[in-house]
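First comes the structure, then the notes that go with it.
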Amino acid sequence: MVLPQDREAFDAGLKAVLDDVRVSLDLGVLSAFVHRWWISACDSVKDPEGRRQMHSRAERALAGQEGSPRGPWREVLAARGIDV
């Protein structure tokens, strides 16, 4: 399932990349873009609910409703039970 946020981001990103390719004639930029989106597409298929949650958290953070974790990354990850 394609999420609306992913479709909108892909369309906007593709337009920007194609504009860049028209000027630079560098297809490597397009290849890198497609590679990044292939990874996102695989993530959406593997875990659609996780992808929805990611977009929801991002929207809340952009709206100022959810802050970023504070402190060194090792402490933030340890608080979440992730051993590094």
Residue pair R51 / S40, side-chain heavy-atom distance below 4.5 Å: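 Heavy-atom side-chain distance check passes, below 4.5 Å.
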Minimum side-chain heavy-atom gap P72-E75 below 4.5 Å: yes
Return the set of residues passing side chain to side chain donor-acceptor pair (under 3.5 Å) with [X] (not counting sequence neighbours), or none when no residue passes.
X: R7; value: none
X: R52; value: E49
X: E8; value: none

For E59, side chain to side chain contact (heavy atoms under 4.5 Å, CB included) partners two or more places apart: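 E59: side chain to side chain contact (heavy atoms under 4.5 Å, CB included) contacts with Q5.
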Which residues share a side chain to side chain contact (heavy atoms under 4.5 Å, CB included) with L14, sequence neighbours left out: F10, L18, L30, F33
Residues D6, S44; criterion side-chain contact (heavy atoms from CB on, under 4.5 Å); working and verdict: CA-CA 9 Å; D6 285 337; S44 291; 3.4 Å; yes
Inter- and intrachain pairs under side chain to side chain donor-acceptor pair (under 3.5 Å), touching residues 21-37, at least two apart: D19-R22
Linked, directly or transitively: V45 and W38 (ILVMFWY side chains, under 4.5 Å): no
